[in-house]
Amino acid sequence: MENAEKLRVRFAPSPTGFIHVGNARTALFNWLLARQKGGIFVLRVEDTDLERSSQEYERNLIKDLHWLGLDWDEGPNTGGKFGPYRQSERLELYHQYAKQLLEADQAYYCFCPQEELERERAWALAEGRSPVYSGRCRHITLKEAQERIKAGEKAAIRLKVPEEGLVRFTDLVRGEVEFDLKLIGDPIIVRSNGMPAYNFSVVIDDALMDITHVIRGEDHISNTPRQILLYQAFGWPLPVFAHLSMVMGKDNTRLSKRHGATSVDQFRREGVLPQALCNYLSFLGWSPPEGKEVLTLEELVKLFDLSRVNRSAAIFDYEKLYWLNRQHIKLLPAEKKLTLSLPYLQEAGLAGEDITPAQSQWLSEAIELFLEGSNKFSDLPEKFLLIFDFQPESLDEESRQIISSDSARKVLKAFINKTAGVTEFNYEFFAHITGEIKKETGVKGKELYHPLRVMLTARASGLELDKFIPLLEQGAKLNFPRPIKNSLERIREFSTFLKLQEKQEA
RNA sequence: GCCCCUGUCGUCUAGCCCGGCCUAGGACAUCGCCCUUUCAAGGCGGCAACACGGGUUCGAAUCCCGUCGGGGGCGCCA
């Protein structure tokens with residue numbers, strides 16, 4: 001039975017903004033299932049809300065999905081035998097099916113003015129009742145309605161819902177769910193402006209597109225009975241439903257800008273890897289059967305299992321996402337790290353548009369070192385400042401503390417003296433004179449190296465000096481748009497800075 | 001207000017369906033130690049949870065009922 005019917009799933013976003021991580025997760029789960037089962041993944045654009053939909057948003061949406069690594073077998077620009085895949089291009093279809101319902105007396109025209117409906121709803125709410133449509137227009141005959149419409153009246157179309165009974169369905173993640181029909185009322189299926197209402201167009205499309213599994217957010221669970229009623233009115237077989245829990249922010253409210261980045265687009269710009277984002281998203285409500293957590297898309301496809309999806313809402317944890325991102329960054333080959341890092345360095349003015357092979361080589365080494373412990377690629381420019389930026393006059397509090405002790409002063413002076421006439425500087429030389437200073441002054445360990453670090457970097461922390469010094473010396477020779485001061489230049493600048501300070505102190 | 005969904009460490013979760021293997025496992029975060037020429041990374045270790053109250057049972061995180069908490073929905077938005 002299961003192999004007789006090919007699994008068909010869809011992702012049906014409305015192009016009204018940037019794609020949110022919650023929606024991305026829904027898309028991912030659908031895609032994962034389709035790829036695992038050798039099924040079909042359909043992209044359908046729900047653009048019936050003329051006010052909010054736009055072409056540009058649709059392009060963004062497609063860009064985001066591609067970036068995530070998701071592809072689809074049928075969709076707006078891809079085609080497929082169930083098209084078109086943009087709801088605005090399917091209006092004829094909706095009208096045709098609405099007409100069918102009207103003629104079968106399963107739907108009727110409603111002339112109630114919107115303001116009145118709103119008033120009734122407000123009233124019901126105030127009285128503590130469920131706001132259910134009164135059914136006032138239910139008994140207007142089709143003929144009468146058509147005449148009124150001809151005469152210029154506007155009308156919406158409503159589905160006739162049985163007044164009593166239960167709608168029951170088995171949700172793949174939630175189990176048995178039931179709703180009381182008394183609380184449903186006749187839903188509008190076509191608006192008075194002729195556009196289909198959401199609940200109507202999804203059903204028509206899902207049915208016509210042969211969708212077998214409807215996997216979507218939990219916010220749609222209460223739409224499900226209305227949709228089932230429509231399937232029943234047409235005599236169509238029901239798809240399987242699965243409702244995924246919501247993604248929340250730290251304070252347990254719906255994830256929003258206030259919590260930080262929330263759109264796929266933002267994470268891309270920050271320099272989060274798509275495979276890391278997918279990996280993280282998949283862990284919101286699902287976990288692999290064995291402990292392994294750092295997983296590629298291919299591994300996710302293999303391991304994903306809808307029956308392991310849990311039912312409670314999850315809080316989006318940036319820390320864990322960044323941790324996963326670090327893990328995925330480590331997996332990247334060096335060339336890839338370079339190409340992904342470059343835009344950030346260029347934007348910060350640290351690297352030019354044209355890069356010489358020597359620069360490229362140097363950047364690659366530097367990136368390797370600085371990426372260690374970076375959450376995301378956008379952290380890189382800040383880290384590179386260790387090399388590109390040297391300002392002894394604006395030391396932070398910690399660095400000032402470090403160089404203020406007597407032993408620190410002693411070490412620094414000795415170091416400056418030993419480098420006075422020197423023209424060549426490298427790590428071996430540094431190690432050599434540091435050894436001498438250690439012997440002469442008796443200062444060692446942290447007391448010895450920390451002041452020297454501050455002198456060479458104007459910072460209290462950063463790369464290990466045995467890595468930093470070679471990198472700095474090499475980089476200084478490479479003519480970057482922002483010049484790099486080498487060790488000797490730094491030492492001299494720092495020395496004048498120290499003298500100035502001593503004068504002030506005296 | 002009404003309806004639906006949901007409730008295991010701070011967070012994501014495993015275990016729950018098919019009670020005993022749970023002195024509740026893992027991961028992130030946090031703390032400590034090790035490594036170390038700082039910080040970070042890495043290695044090792046610690047802290048930390050079955051929302052509450054009743055049942056059922058020899059035995060409950062697991063089954064039943066109730067309470068409380070959280071979320072979603074109640075549109076001519078999707």
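In the text below, chain A, chain B and the rest are named by the order of the sequence lines, each starting its count at 1.
Comparing G72(B), U6(B), A29(B) against the side chain of D219(A) picks out G72(B) as the nearest. Distances were taken from every side-chain heavy atom of W323(A) (C-beta onward) to each of U37(B), U11(B), C28(B); the shortest belongs to C28(B). With U38(B), U13(B), A14(B) as the candidates, the nucleotide lying closest to the side chain of A314(A) is U13(B). For D317(A), the listed nucleotide lying nearest its side chain is U11(B); candidates were C76(B), U11(B), G1(B). For K330(A), the listed nucleotide lying nearest its side chain is A41(B); candidates were A40(B), A41(B), C77(B). Out of C76(B), U38(B), G71(B), the shortest distance to the side chain of R453(A) is found at U38(B). Taking only side-chain atoms of S312(A), from C-beta outward, the nucleotide of C28(B), G26(B), U6(B) with the closest atom is U6(B). The side chain of S222(A) lies closest to G73(B) when the candidates are G73(B), A29(B), C76(B). Of the listed nucleotides (C74(B), C4(B), C76(B)), C74(B) has the atom at the smallest distance from the side chain of P131(A). For R254(A), taking side-chain heavy atoms from C-beta onward, the closest of the listed nucleotides C5(B), C76(B), G72(B) is G72(B).
A donor and an acceptor atom never sit less than 3.5 Å apart when one is taken from the side chain of R311(A) and the other from the base of U6(B). For K320(A) against A29(B), no side-chain N or O and base N or O form a donor-acceptor pair under 3.5 Å.
Nearer the 5' end of RNA chain B, as judged by each residue's closest nucleotide, is the contact made by G462(A), out of T253(A) and G462(A). Between L321(A) and Q87(A), the residue anchored closer to the 5' end of RNA chain B is L321(A), taking for each the nucleotide with the nearest heavy atom.
When rounded to the nearest whole Å, the span between CD1 of I188(A) and P of C77(B) equals 8 Å. For the pair E447(A) CD and U36(B) C1', the computed distance is 16 Å after rounding to whole Å. The CG atom of L281(A) sits 19 Å away from the P atom of U11(B) (whole-angstrom rounding). Note: CH2 (W286(A)) to P (U11(B)) measures 22 Å, nearest angstrom. For the pair N199(A) CG and G73(B) P, the computed distance is 13 Å after rounding to whole Å. Per the geometry, CG belonging to L463(A) stands 15 Å off P belonging to U37(B), to the nearest Å.
Relative orientation of the Y280(A) and F316(A) rings is perpendicular, given thresholds of 30° and 60° on the angle between their planes. The aromatic rings of Y57(A) and F18(A) sit perpendicular, their planes meeting at an angle over 60°, well past the 30° parallel limit.
Taking atom P on both nucleotides, C31(B) is separated from G73(B) by 38 Å, rounded to a whole Å. Taking the P atoms as reference points, U11(B) lies 14 Å from G70(B), given to the whole Å. Using P as the reference atom, C28(B) and C50(B) are 23 Å apart when rounded to the nearest Å. Taking the C1' atoms as reference points, C22(B) lies 15 Å from C9(B), given to the whole Å. When the P atom is used for both U30(B) and C39(B), the distance is 16 Å, rounded to whole Å. Atom C1' of C17(B) sits at a distance of 45 Å from the matching atom of C34(B), rounded to the whole Å. Going from the C1' atom of G19(B) to that of U62(B) covers 6 Å, rounded to whole Å. If you take atom C1' in C16(B) and the same atom in U6(B), they sit 15 Å apart, rounded to whole Å.
Stacking between Y449(A) and U37(B) is present: the aromatic ring centre lies within less than 5.5 angstrom of the base six-membered ring centre, and the two planes differ by under 30 degrees.
Contact annotation for E46(A): backbone-only contact, meaning every heavy-atom pair under 4.0 Å involves sugar-phosphate atoms and none involves a base. Here L183(A) lies in heavy-atom contact (under 4.0 Å) with sugar-phosphate atoms only.
The ring-ring contact (aromatic ring centres under 6.0 Å, His included) contacts involving residues 240-261 of chain A comprise F169(A)-F241(A), where partners must be two or more places apart or lie in separate chains.
Considering L172(A), T170(A), D171(A) as possible partners of R174(A), the one that fulfils the side chain to side chain contact (heavy atoms under 4.5 Å, CB included) test is D171(A).
Of the nucleotides present, none pairs with C39(B) by Watson-Crick or G-U wobble criteria with both distances under 3.5 Å.
The two atoms that bring T26(A) and R216(A) nearest to each other are CG2-CA, 3.7 Å, heavy atoms only.
Side chain to side chain, N223(A) and Y198(A) fail the donor-acceptor criterion of an N or O pair below 3.5 Å.
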Verdict with reasoning, Y94(A) to D205(A), per side chain to side chain donor-acceptor pair (under 3.5 Å)
CA-CA 9 Å; Y94(A) 306 131; D205(A) 292 344; 2.7 Å; yes
